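The structure displayed is predicted, hence computed values, not measured ones. Sequence lines set the chain letters: A, B, ... in the order given, protein chains first and strands last, and positions in each chain run from 1. For the numbers below, each heavy atom of this structure counts, side chains included, while hydrogens, waters and symmetry mates do not.
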There are 2 protein chains.
Amino acid sequence: MTLDPHITATICQDDDTEQIAILNDHLIDSPTANRLAEVFKALSDPNRLRLISLLLENEVCVHTLEATLGMTQSAISHQLRHLRQLNLVRFRKEGRHVYYALDDDHVRGLFKQGLLHVEHG
Amino acid sequence: MTLDPHITATICQDDDTEQIAILNDHLIDSPTANRLAEVFKALSDPNRLRLISLLLENEVCVHTLEATLGMTQSAISHQLRHLRQLNLVRFRKEGRHVYYALDDDHVRGLFKQGLLHVEHG
DNA sequence: AAAATACATGAAAACTTGTTCATATATTGA
DNA sequence: TCAATATATGAACAAGTTTTCATGTATTTT
């Protein structure tokens, strides 16, 4: 009976070079770590997550986001700029309104997977 | 031909109450947003991601993490404390060594899904 | 043309986060 | 027992993030 099927080995300093080499293989490289962190960072703030939840399946104008989220217009605009700079949202101007929508499927995927786990399980 | 299969509606302030109600249904509640943010925040730092990558499939002692990551012992110890407080890692003392391993399957899942997308795609 | 509406933005303030430095504890080896 | 090794931790600091405040631009309405 194995309690944890994920852990395959115990690695410590006294080990042979081969073990240490295995560990080095598992280590993600820094550029990858940086890009990965950037993606997760986009999802690391409660208000931004609430904002994203609204943009997952609808195109919504800024004023409606403000009314729904109960945040100031300025705070929302700043968050949207942030998401824009990361290319996570797209926007479309129509008259005096600007409609935003989520434009990154893997952020959408991570959001939904995270939500599943947090809600039940 | 639909360019974006995800976006189902455009919602704006002038809309009827029903549309606004739909939007409110999509909004995640604050406690959920907070817990979700906490999970993603754990994955939002490059060094922490590199650390987690080592713990995904192996139990590793602190000194080996230090050697492999090229971080100071103190920095690693602080990061491990953080992950401990979030119940994301478990640890096991054996003599003067302490072995750490990842202990949260949905963080493991999010990490791997994120990595897939960042690496190719 | 003036007023109102919708949104953006720079700067500062408030808060959070990650690292370093110094030091503490616990275990092992001489 | 004394020195060395392995790890933890509090405090201070640097850097980053989010919000607020004040203000700016563009579009529409009157």
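- Counting only heavy atoms from C-beta on, A:Ser74 has its side chain closest to D:dC21 among C:dG18, C:dA22, D:dC21.
- Side-chain N/O atoms of A:Arg84 include one lying less than 4.0 angstrom from OP1 or OP2 on C:dA8.
- Judged purely by atom type and a 3.5 angstrom limit, B:Thr68 uses its side chain to pair as donor or acceptor with the backbone of B:Thr64.
- Between the A:Asn58 side chain and the A:Val60 main chain, no donor and acceptor come within less than 3.5 Å of each other.
- When the side-chain nitrogen and oxygen atoms of B:Thr72 are compared with OP1 and OP2 of C:dT20, one or more of them lie within a distance under 4.0 Å.
- Using a 4.0 Å cut-off, no side-chain N or O of A:Tyr99 falls inside it from OP1 or OP2 of C:dC7.
- Checking side-chain atoms of B:Thr8 against main-chain N and O of A:Glu57 turns up a donor-acceptor pair under 3.5 Å.
- Side-chain nitrogen and oxygen atoms of A:Arg96 include none within less than 4.0 Å of the OP1 or OP2 phosphate oxygen of C:dA8.
- Within 3.5 Å, a donor on the side chain of B:Gln73 pairs with an acceptor on the base of D:dA8, or the reverse.
- For the pair B:Leu69 CG and C:dG18 P, the computed distance is 15 Å after rounding to whole Å.
- Contact annotation: B:Lys93 side-chain N/O to D:dT7 OP1/OP2 distance is not under 4.0 Å.
- Listed nucleotides: D:dT7, C:dG18, C:dT9. Nearest to the side chain of B:Ser77: D:dT7.
- Using a 4.0 Å cutoff on non-hydrogen atoms, the parts of residues 42-64 of chain A near DNA chain C are A:Cys61, A:Val62, A:His63, ordered by number.
- In terms of modelled atom types and a separation under 3.5 Å, the side chain of B:Arg48 and the main chain of B:Ala42 share a donor-acceptor contact.
- Backbone-only contact: B:Tyr100 has heavy atoms under 4.0 Å from sugar-phosphate atoms and none from a base.
- The shortest distance between the side-chain N/O atoms of A:Gln79 and the OP1/OP2 oxygens of D:dT19 is below 4.0 Å.
- Between the side chains of B:Tyr100 and B:Arg92, not a single donor N or O lies within less than 3.5 Å of an accepting N or O.
- Aromatic stacking is marked for B:His78 over D:dT9, as both cut-offs hold: 5.5 Å for the centres and 30° for the planes.
- One finds a side-chain N or O of B:His97 lying less than 4.0 angstrom from the OP1 or OP2 phosphate oxygen of D:dT7.
- By the 4.5 Å heavy-atom criterion applied to side chains, A:Ile7 and B:Arg90 are counted as neighbours.
- For B:Val98, counting side-chain heavy atoms from C-beta on, the closest listed nucleotide (D:dT7, D:dT9, D:dT17) is D:dT7.
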**Prompt:** Going through the checks in order, is the side chain to side chain donor-acceptor pair (under 3.5 Å) test met by B:Asp105 and A:His6?
**Reply:** CA-CA 9 Å; B:Asp105 270 356; A:His6 294 294; 3.1 Å; yes
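- Atom CZ of A:Arg81 is separated from atom C1' of D:dT19 by 13 Å (rounded to the nearest Å).
- In this structure, A:Leu80 places its CG atom 14 Å from C1' of D:dT18, rounding to the nearest Å.
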